[in-house]
Novice: 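One structure, pasted below without further comment.
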Amino acid sequence: MNLGLNIDHIATLREARKINDPDPLEAVFIAKNAGANQITIHLREDRRHIHESDVKRIIESSILPINVECACDENIIAFLCEQKPHKITLVPEKREEITTEGGLNLNQKGLKDIIKEFQKYQIQVTTFIDPKKETISISKDLGVDAVELHTGEYANLHAMIYSNLSRHKNSIKSLQLKRDVLNSLLQESLNNLKICSSLAQKLSLGVFAGHGLNYFNVSPIVKIDPITELNIGQSIIARSIFTGLDQAIKEMLRLMR
Ligand code: PXP
């Protein structure tokens with residue numbers, strides 16, 4: 001199981017002061033030494049964390065493969081075709097969202113051409129999708145190399161059962177349900193991820209997963225055989241504030257392996 005470390009939030013901290021520290025590029029070297037397999041960054045339309053200059057420097061200097069998440073934005077696509085990261089993950093984007101909510105709309109016009117354009121530059125393309133049979137078969141028809149299954153629903157259910165989220169002001173209103181109901185929804189969500197992973201594997205797609213994964217909820221996901229890569233950001237960067245990045249990555253890798 002490979003770990004793609006999402007380092008956006010190192011840039012979030014930098015942007016809090018609009019200075020040049022901490023530098024996300026420094027994290028790339030620490031991640032490599034700690035055993036991470038890939039660096040993931042998201043060039044958002046509002047440039048709230050990662051900027052073009054980060055993308056350029058990280059791709060030029062990285063000793064790990066780089067996966068860039070982006071929305072279907074014409075200018076960003078042109079820029080990324082020039083930069084040639086190893087992988088692109090196409091994600092939906094809304095300006096007002098705190099993080100990527102929900103999977104990509106696979107019915108949007110021009111998606112097939114965008115995927116082909118990236119592949120012309122030897123860039124592997126992944127669609128970040130809601131885990132459904134339909135999104136997997138459409139992704140296959142669109143010609144992607146892999147799918148990344150959105151684990152947000154699983155992570156929310158897990159947090160409502162096993163953390164203090166249900167008593168917190170940020171509690172998820174739609175999930176304020178009885179514990180036994182939440183438990184069966186969590187099982188369903190996990191089973192669904194298993195079914196979708198097997199289907200994607202059968203269709204010869206790479207199978208990745210991510211969003212909301214942390215030290216407490218990652219183990220059942222790791223056990224889903226077809227999944228070969230997890231992209232994890234917030235939980236590892238948050239822990240690194242207290243333990244240092246090297247240890248935060250190693251702790252996650254220990255759980256994953
Ligand atoms: N995968 C994708 C496609 C994402 O958009 C994100 C969030 O940027 C992640 C994984 C990582 O999510 P988290 O920060 O919750 O670990």
Side-chain angles (χ1 to χ4, degrees), residues 1-13 15 24 27 31 36-50 54-55 58 65-73 76 80 85-95 97-106 124-131 135 139 144-159 163 165 170 172 193 196-197 200 205-218 221-222 227-241 245 248-249 251-253 255-256:
M1 178 71 75
N2 287 338
L3 171 64
L5 176 70
N6 183 316
I7 59 173
D8 291 345
H9 293 317
I10 294 176
T12 302
L13 197 54
E15 293 306 305
N37 310 92
Q38 166 175 282
I39 295 295
T40 295
I41 46 179
H42 186 170
L43 184 63
R44 290 189 73 101
E45 286 170 355
D46 62 8
R47 311 295 194 270
R48 69 174 72 159
H49 37 55
I50 295 293
D54 296 317
V55 176
I58 288 171
I66 304 298
N67 169 37
V68 184
E69 297 172 3
C70 71
C72 296
D73 173 287
I76 292 183
L80 291 175
H86 297 80
K87 287 190 199 163
I88 290 287
T89 302
L90 291 169
V91 299
E93 229 178 78
K94 289 190 219 105
R95 286 206 174 220
E97 71 190 359
I98 293 173
T99 181
T100 317
E101 290 164 7
L104 187 68
N105 169 11
L106 298 172
Q124 284 182 43
V125 184
T126 301
T127 39
F128 184 48
I129 53 170
D130 290 322
T135 54
S139 294
V144 295
D145 302 282
V147 289
E148 180 172 333
L149 303 178
H150 198 309
T151 50
E153 180 196 70
Y154 161 80
N156 285 343
L157 286 162
H158 195 282
S163 78
L165 183 62
N170 293 336
I172 302 162
L193 286 164
C196 290
S197 308
L205 292 166
V207 193
F208 313 147
H211 210 281
L213 296 178
N214 60 38
Y215 298 87
F216 306 102
N217 66 19
V218 77
I221 301 294
V222 173
I227 300 177
T228 57
E229 173 186 305
L230 299 182
N231 286 296
I232 308 181
Q234 206 271 341
S235 61
I236 297 178
I237 303 305
R239 179 162 295 206
S240 76
I241 291 171
L245 186 57
I249 295 168
E251 273 180 49
M252 182 59 80
L253 286 171
L255 291 171
M256 286 171 62

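Just so you know, ligand 1 is whichever comes first in the structure, and atom 1 is the first atom listed for that ligand.
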Novice: Show the protein residues that qualify under the rule heavy atom under 4.0 Å from an atom of ligand 1, listing them in chain and number order.
Specialist: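 Only Asn6, Glu69, Val91, Thr99, Thr100, Phe128, Glu148, His211, Gly212, Asn231, Ile232, Gly233, Gln234 have heavy atoms that fall under 4.0 Å of ligand 1, ordered by chain and number.
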
Novice: Run the ring-ring contact (aromatic ring centres under 6.0 Å, His included) test against His42 and tell me which residues pass, sequence neighbours left out.
Specialist: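 ring-ring contact (aromatic ring centres under 6.0 Å, His included) check on His42 returns nothing, list empty.
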
Novice: Please assess Glu229 against Lys87 for the test salt bridge (charged side-chain N to carboxylate O under 4.0 Å, His left out), listing each intermediate value before the final yes or no.
Specialist: CA-CA 13 Å; Glu229 173 186 305; Lys87 287 190 199 163; 2.4 Å; yes

Novice: For Thr12, give me all partners under side chain to side chain contact (heavy atoms under 4.5 Å, CB included), at least two apart in sequence or on another chain.
Specialist: His9, His49

Novice: Using modelled atom types only, decide if a donor and an acceptor are shared between the side chain of Thr127 and the backbone of Ile129 within a distance under 3.5 Å.
Specialist: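 No, the answer is negative, given that no donor and acceptor are paired below the 3.5 Å cut-off.
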
Novice: Could you pull out all residues at least two apart from Phe208 that satisfy ring-ring contact (aromatic ring centres under 6.0 Å, His included)?
Specialist: none

Novice: So which of Asn67, Asn6, Thr126, Leu213 actually passes side-chain contact (heavy atoms from CB on, under 4.5 Å) with Asn231?
Specialist: Asn67

